[in-house]
Number of protein chains: 2
Amino acid sequence: MRRDIFQAIADPTRRAILVLIAVQAMTPNGIAEHFDITRQSISKHLRILSECDLLAQKQEGREIFYELKIEKMKEIDIWLDQFRKIIEERFQNLDQLLFTLKNKKK
Amino acid sequence: MRRDIFQAIADPTRRAILVLIAVQAMTPNGIAEHFDITRQSISKHLRILSECDLLAQKQEGREIFYELKIEKMKEIDIWLDQFRKIIEERFQNLDQLLFTLKNKKK
DNA sequence: TATTTGTGAAGCCGATCGGTTGCGCATGTA
DNA sequence: TACATGCGCAACCGATCGGCTTCACAAATA
């Protein structure tokens, strides 16, 4: 089963989990308190996020603390870059056009 | 069926379509040439993207040109902002810590 | 030691996904 | 008028999703 970060953030619950554990490491039970679904479902989401290599985990006794590897969010940012680039190019062209029009006017 | 932009970009084919029609408007047939799936599948993807209000379309005779409303990509960018903010805060705190350490040293 | 607590894994289930084929229909063209 | 083309829609299908319940097991606690 091939997973990627875009699939990871497709689910709204998973997005909310990511935001939670971006700030601080949390246990599955701790996370589950914020939602109306079972602890096991949360665990399943954490497993998916782990498979995307988005999580760091640290065991403390019988508790496991999960935290977002926040720098992984850059992958999305990088994907967005192509659109920013296109927007930028259009802006440049528009600028060029305005410049040309202005010169014609004179 | 509730759709959002995060679900829209979850599928790799859909992401590729978005990139294609970000540059210029294209017909379903034109888009389909770039993929190994049927024209109908492409249409299905376009429908999903439309439901997320990501597309502008223009009819020309029997052809329909689809184009990405590129500014809609900002929604993803805005979601990423929360993580940027957290990173920034950590950087500030680190800076503060280094400053404190430096003063103690003196 | 016996019990409680925190966790992951497995199996179930209805809903959805992402592809397919087979239409119907409007628009161009011979 | 007849035919070809471009398109959307509906039905089908196997795979996956995102919940759930049940279980096993290790760690903490009585």
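Below, chain A is the first sequence line, B the second, and so on; all start at residue 1. In what follows, every heavy atom counts, from backbone to side chain, and hydrogens, waters and symmetry copies are set aside.
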A.B. asks: Could one point to a donor on the side chain of A/Q40 or the base of D/dG19 with an acceptor on the other under 3.5 Å away?
C.D. replies: no
A.B. asks: Give the rounded distance in Å between these two atoms: CD of B/E51 and C1' of D/dC9.
C.D. replies: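 Rounding to the nearest Å, CD of B/E51 and C1' of D/dC9 are 13 Å apart.
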A.B. asks: Take the protein atom CD of A/E63 and the nucleotide atom C1' of C/dT5, then report the distance between them rounded to whole Å.
C.D. replies: 9 Å
A.B. asks: Looking only at the side chain of B/Y66 (C-beta and beyond, no hydrogens), which of the listed nucleotides C/dG8, D/dC9, D/dC7 gets closest?
C.D. replies: D/dC7
A.B. asks: Please give, in whole Å, the distance from D/dG19 C1' to A/I42 CD1?
C.D. replies: 11 Å
A.B. asks: Students often get this wrong, so: under 4.0 angstrom with heavy atoms, is A/R47 touching a base, only sugar-phosphate, or nothing?
C.D. replies: sugar-phosphate
A.B. asks: What is the distance from CZ of B/R3 to P of C/dA15, rounded to the nearest Å?
C.D. replies: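 It is 16 Å, rounded to the nearest whole Å.
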A.B. asks: In whole angstrom, what separates A/I64's CD1 from D/dC25's P?
C.D. replies: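 A/I64 atom CD1 is separated from D/dC25 atom P by 16 Å.
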A.B. asks: Among the candidates D/dC7, C/dG6, D/dC20, find the nucleotide nearest to the side-chain atoms of A/S41.
C.D. replies: D/dC20
A.B. asks: Please figure out whether B/N29 or A/T38 has its closest DNA chain D nucleotide nearer the 5' end.
C.D. replies: B/N29
A.B. asks: Do the side chains of B/K69 and B/E67 get close enough for a salt bridge, i.e. N-O under 4.0 angstrom?
C.D. replies: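 No.
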A.B. asks: Figure out the CG/C1' separation between A/D11 and C/dT16, and round it to whole Å.
C.D. replies: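 So the two atoms are 13 Å apart, to the nearest Å.
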A.B. asks: What about B/R14: does its side chain form a donor-acceptor pair under 3.5 Å with the base of C/dG18?
C.D. replies: no
A.B. asks: For D/dT5, does the base pair up with any side-chain atom of B/R62 as donor and acceptor (N or O, under 3.5 Å, distance only)?
C.D. replies: yes
A.B. asks: Starting at CZ of B/F6 and ending at P of C/dC17, how long is that distance when rounded to a whole Å?
C.D. replies: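 After rounding, the gap between these two atoms is 17 Å.
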A.B. asks: Between P on C/dG18 and CD on A/Q7, what's the gap in Å once rounded to a whole number?
C.D. replies: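 Atom-to-atom, A/Q7 to C/dG18, this comes out as 9 Å.
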A.B. asks: Tell me if the side-chain of A/K44 makes a donor-acceptor pair with the base of D/dG19, cut-off 3.5 Å, by modelled atom types.
C.D. replies: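 Side chain to base: pair present.
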A.B. asks: Thinking salt bridges, do A/D77 and A/K72 make one under a 4.0 Å N-O criterion?
C.D. replies: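 No, this pair does not count.
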